[in-house]
S.K.: 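Mind looking over this structure? Questions follow.
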Amino acid sequence: MRRAVTIKHVAAEAGVSLQTVSRVINNEPNVRPVVQERVRAAVAKLGYVPSLAARRMGGSRSYLLMALNDRDRTIEGWKSGEGTDWVDQMLMGGMLKCESHGYRMIFELVDTHSDHVDRAVRAALAALHPDGVILTPPHSENPAITGLLSQLGLPFARIASIAEGDGFAVSMDDAEAAAHATDHLLSLGHRRVGFVTGSPQYAVSDGRLSGYRAAMSASPHGLDETLIGRGDFSYESGVAAVDALLDLPSPPTAVVCSNDRMALAAIRTAQRRGLSTPSDLSVVSFDNTPLARFADMTAVIQPVAEMSAVAADLLIRFKAGETDLPSQSRVAFGFAPRGSTAPPRSGGSR
C-alpha cells in the first residue's frame, strides 16, 4: 500500500520548514521566489494534496467560516417535516462559495434568546477559530452577538439584515419585494388586499410590512390598516390572522403572507370556511420553499443561496486583505406567479 504523502515529506524534499511549506501553499508573503519554486516542485513531484490542518500552519488564516443559525427555529423546522429548505439553501450558497476558494464552512446552532448566548458563541469560536462568521436571522440583528464579534475583531456578515452597524450586511429588498407582491394582486383587479406580518424579532418583517403599506397607499384604493393581520411566521399564527381578516365586515379578496407556512395556512383556512383559492381568496407567499412550489402558490423568491454566497465571498476576500468591499450588498429577489392568484370573482369585493 502506498504511504500517504504529508506536509512533512514535502518539507523534507524541499529542505525547508513545515511553516514555509504552509506559507507557500497559502500564497502567503515573505517567502523568496527560489524557495517557493522549490516547494512547488516538491509538491508536484510527491503528488501532495494539502490538508486543512497543513494550510492553517501558516498562522494567518484558518480557512474556515462559521455560519450561525437560530437553534430553536432550526430544530423546530427539522422536526416538523414541513419541507422548508431555508437552511439547505443557505448551506448550498455558502459551502459552494467556500469550496471555490479552498475554504470550508461549519454550521452551528445557537439559541439567540439564551442568557448565555455570549458563552455559546465564544465556545464555538474557541473550538473552530474561523476566519469569519455568517449570521442568519435573528442572529443578524442580535446586538449581543454582533457586539461580541466586533469586540473580538472577527469579521462577520449579516444575512437578511438592513440595519446599520458593523459587519457586512447582505439582503434582498424586502420592502420592494412586498410592494411587488401587492402590486401583482392590485393588477389582477383586487381592491381589498390583506397582509399577514412576520415575527417582530426579524427585521425583514418590518421591511415587508412597509412595502405592502407603500403599495396600498399609492393605489387608488388606499391603505386600510384593518387588513393587516399579525403573524409570527408559524402556521398557527397564519390561521389566526387569516381567520380574523375573513371575519371582517368587508374581508379581503387577496392576501400577501410573509412566509410560506402562513400562506399555506391562509389557503387551508379559506378552504375550511368554504372559500376557494384563488377564486375567493388569492394568496401570495414569501420565500418559495418546497411548500410554495408543491402547493402551487404564487411566491416572492428569497435568494437565500445567493445571499449566503455573497456573505462568504466578502469574508474570504476581506481575510485575503481586500479593503474596498461594500458594507451593504443587495441581492435581487425573484417572483413566481402560480395558481394561487387570479382576478377576483366579481369586481374585487364580495
S.K.: Is the backbone N or O of Gly147 less than 3.5 Å from a side-chain atom of Ser150, with the two atoms forming a donor-acceptor pair by type?
M.R.: no

S.K.: Could you state the interatomic distance from CG (Leu275) to CD1 (Ile267), rounded to the nearest 0.5 Å?
M.R.: 12.5 Å

S.K.: Does any N or O in the side chain of Asn259 come within less than 3.5 Å of the main-chain N or O of Phe233, such that one atom is a donor and the other an acceptor?
M.R.: yes

S.K.: Look only at the side chain of Asp131 and the backbone of Leu65, and say whether a donor-acceptor pair between them is shorter than 3.5 Å.
M.R.: no

S.K.: Kindly compute the distance separating CG (Leu291) from CG (Asp260), expressed to the nearest 0.5 Å.
M.R.: 6.0 Å

S.K.: Could you check whether any side-chain N or O of Ser308 sits under 3.5 Å from a backbone N or O of Ala305, counting only pairs where one atom can act as donor and the other as acceptor?
M.R.: no

S.K.: Please find the pair of heavy atoms, one from Leu281 and one from Ala266, that lie closest to each other, and give the distance.
M.R.: CD2-O, 4.1 Å

S.K.: Which donor-acceptor pairs under 3.5 Å do side chains of residues 169-186 form with protein atoms, sequence neighbours excluded?
M.R.:
residue	atom	partner	partner atom	Å
Ser171	OG	Arg330	NE	3.1
Asp173	OD1	Ala175	N	3.3
Asp173	OD1	Glu176	N	2.9
Asp173	OD2	Arg330	NH1	3.2
Asp174	OD1	Arg208	NE	2.8
Asp174	OD1	Arg208	NH2	3.1
Thr182	OG1	Ala178	O	2.8
His184	NE2	Thr341	OG1	3.1

S.K.: Does anything in residues 107-118 form a salt bridge (charged side-chain N to carboxylate O under 4.0 Å, His left out)? List the pairs, not counting sequence neighbours.
M.R.: Asp118-Arg122

S.K.: Quick one: list whatever passes side-chain hydrogen bond (donor to acceptor under 3.5 Å, both in side chains) with Thr269, sequence neighbours left out.
M.R.: none

S.K.: Walk me through it: do Met105 and Ile134 pass the test side-chain contact (heavy atoms from CB on, under 4.5 Å)?
M.R.: CA-CA 10 Å; Met105 189 169 90; Ile134 296 175; 3.9 Å; yes

S.K.: Could you check whether the rings of Tyr212 and Phe195 sit parallel, tilted or perpendicular, using 30° and 60° as the cut-offs?
M.R.: parallel

S.K.: Which pair of heavy atoms, one from Ala265 and one from Gly238, lies closest together, and at what distance?
M.R.: CB-C, 3.8 Å

S.K.: State whether the side chain of Ser140 and the backbone N or O of Ile159 hold a donor-acceptor pair below 3.5 Å, judged by distance alone.
M.R.: yes

S.K.: Check for a donor-acceptor pair, side chain of His129 on one end and backbone N or O of Ala126 on the other, with a separation under 3.5 Å.
M.R.: yes

S.K.: Starting from Leu96, walk the hydrophobic network (Ile, Leu, Val, Met, Phe, Trp, Tyr; side-chain heavy atoms closer than 4.5 Å) and list everyone else you reach, by chain and number.
M.R.: Met92

S.K.: Just checking Glu99: does its CD atom have more than 12 heavy atoms from other residues, nucleotides or ligands closer to it than 6.0 angstrom?
M.R.: no

S.K.: List, by chain and then residue number, the residues other than Phe294 in its hydrophobic cluster (Ile/Leu/Val/Met/Phe/Trp/Tyr, side-chain heavy atoms under 4.5 Å); write none if there are no others.
M.R.: none

S.K.: For a 4.5 angstrom cut-off between non-hydrogen side-chain atoms, does Leu314 reach Pro326?
M.R.: yes

S.K.: Show your reasoning for whether side-chain contact (heavy atoms from CB on, under 4.5 Å) applies to His101 and Leu315.
M.R.: CA-CA 11 Å; His101 286 279; Leu315 292 172; over 6 Å; no

S.K.: One thing to verify: whether Asp287 and Arg261 come together as a salt bridge, which I'm taking to mean a side-chain N less than 4.0 angstrom from a carboxylate O.
M.R.: no

S.K.: Spell out, as yes or no, whether a donor-acceptor pair under 3.5 Å connects the side chain of Ser327 to the backbone of Gly167.
M.R.: no

S.K.: Indicate the atoms forming the closest heavy-atom contact of Pro344 with Gly189, along with that distance.
M.R.: CG-O, 3.6 Å

S.K.: With a 4.5 Å heavy-atom cut-off, do Arg338 and Arg293 have their side chains touching?
M.R.: yes

S.K.: Quick one: do Phe156 and His139 satisfy side-chain contact (heavy atoms from CB on, under 4.5 Å)? Show the steps, please.
M.R.: CA-CA 11 Å; Phe156 60 94; His139 295 324; over 6 Å; no

S.K.: Just by modelled atom types, is the Gly231 backbone N or O under 3.5 Å from a matching donor or acceptor in the Thr197 side chain?
M.R.: yes

S.K.: Are the side chains of Leu248 and Leu227 in touch, meaning some heavy atoms are under 4.5 Å apart?
M.R.: yes

S.K.: Checking Asp280 side chain against Ser276 main chain: does a donor-acceptor pair fall under 3.5 Å?
M.R.: yes

S.K.: If you take all heavy atoms of Trp86 and Pro137, which pair is closest and at what distance?
M.R.: CH2-CD, 3.9 Å

S.K.: What heavy-atom pair brings Leu128 and Ile106 nearest, and what distance separates the two atoms?
M.R.: CD1-CG2, 3.8 Å

S.K.: Contact between Pro343 and Leu188 at the side-chain level, heavy atoms closer than 4.5 Å - yes or no?
M.R.: yes

S.K.: Check the surroundings of atom CZ in Arg119: do more than 12 heavy atoms from other residues, nucleotides or ligands lie under 6.0 Å from it?
M.R.: no

S.K.: Let me confirm one number: the CG-CG distance from Asp166 to Leu149, rounded to the nearest 0.5 Å.
M.R.: 9.5 Å

S.K.: Starting at CG of Asp232, measure out to CE of Met262 and round the result to the nearest 0.5 Å.
M.R.: 7.5 Å

S.K.: Any donor-acceptor pair under 3.5 Å linking the side-chain atoms of Arg158 with those of Thr146?
M.R.: no

S.K.: With Thr289, which of Ile301, Asp88, Asp85 fulfils side chain to side chain contact (heavy atoms under 4.5 Å, CB included)?
M.R.: Asp85

S.K.: Would you say CZ of Phe318 has more than 12 non-hydrogen atoms from neighbouring residues, nucleotides or ligands within 6.0 angstrom?
M.R.: no

S.K.: In Å and rounded to the nearest 0.5 Å, what is the NZ to OH distance from Lys319 to Tyr103?
M.R.: 7.0 Å

S.K.: For Phe286 and Val204, what are the C-alpha separation, side-chain angles and deciding distance, and is it a side-chain contact (heavy atoms from CB on, under 4.5 Å)?
M.R.: CA-CA 11 Å; Phe286 261 83; Val204 297; over 6 Å; no

S.K.: Of the options Asn142, Asn69, Asp70, which is the one that meets Thr112 in a side chain to side chain donor-acceptor pair (under 3.5 Å)?
M.R.: Asn142

S.K.: Okay, side chain of Thr253, backbone of His190: is any donor-acceptor separation there less than 3.5 Å?
M.R.: no

S.K.: Would you please name every residue forming a side-chain hydrogen bond (donor to acceptor under 3.5 Å, both in side chains) with Arg230, sequence neighbours left out?
M.R.: none

S.K.: Going from CG on Leu223 to CZ on Arg213, what distance comes out if it is rounded to the nearest 0.5 angstrom?
M.R.: 6.5 Å

S.K.: Apply salt bridge (Lys or Arg N to Asp or Glu O under 4.0 Å) to Asp224 and Arg191, showing your working.
M.R.: CA-CA 11 Å; Asp224 181 349; Arg191 299 174 185 171; over 6 Å; no

S.K.: What's the shortest heavy-atom distance between Ala160 and Glu141, and which atoms?
M.R.: O-OE2, 4.3 Å

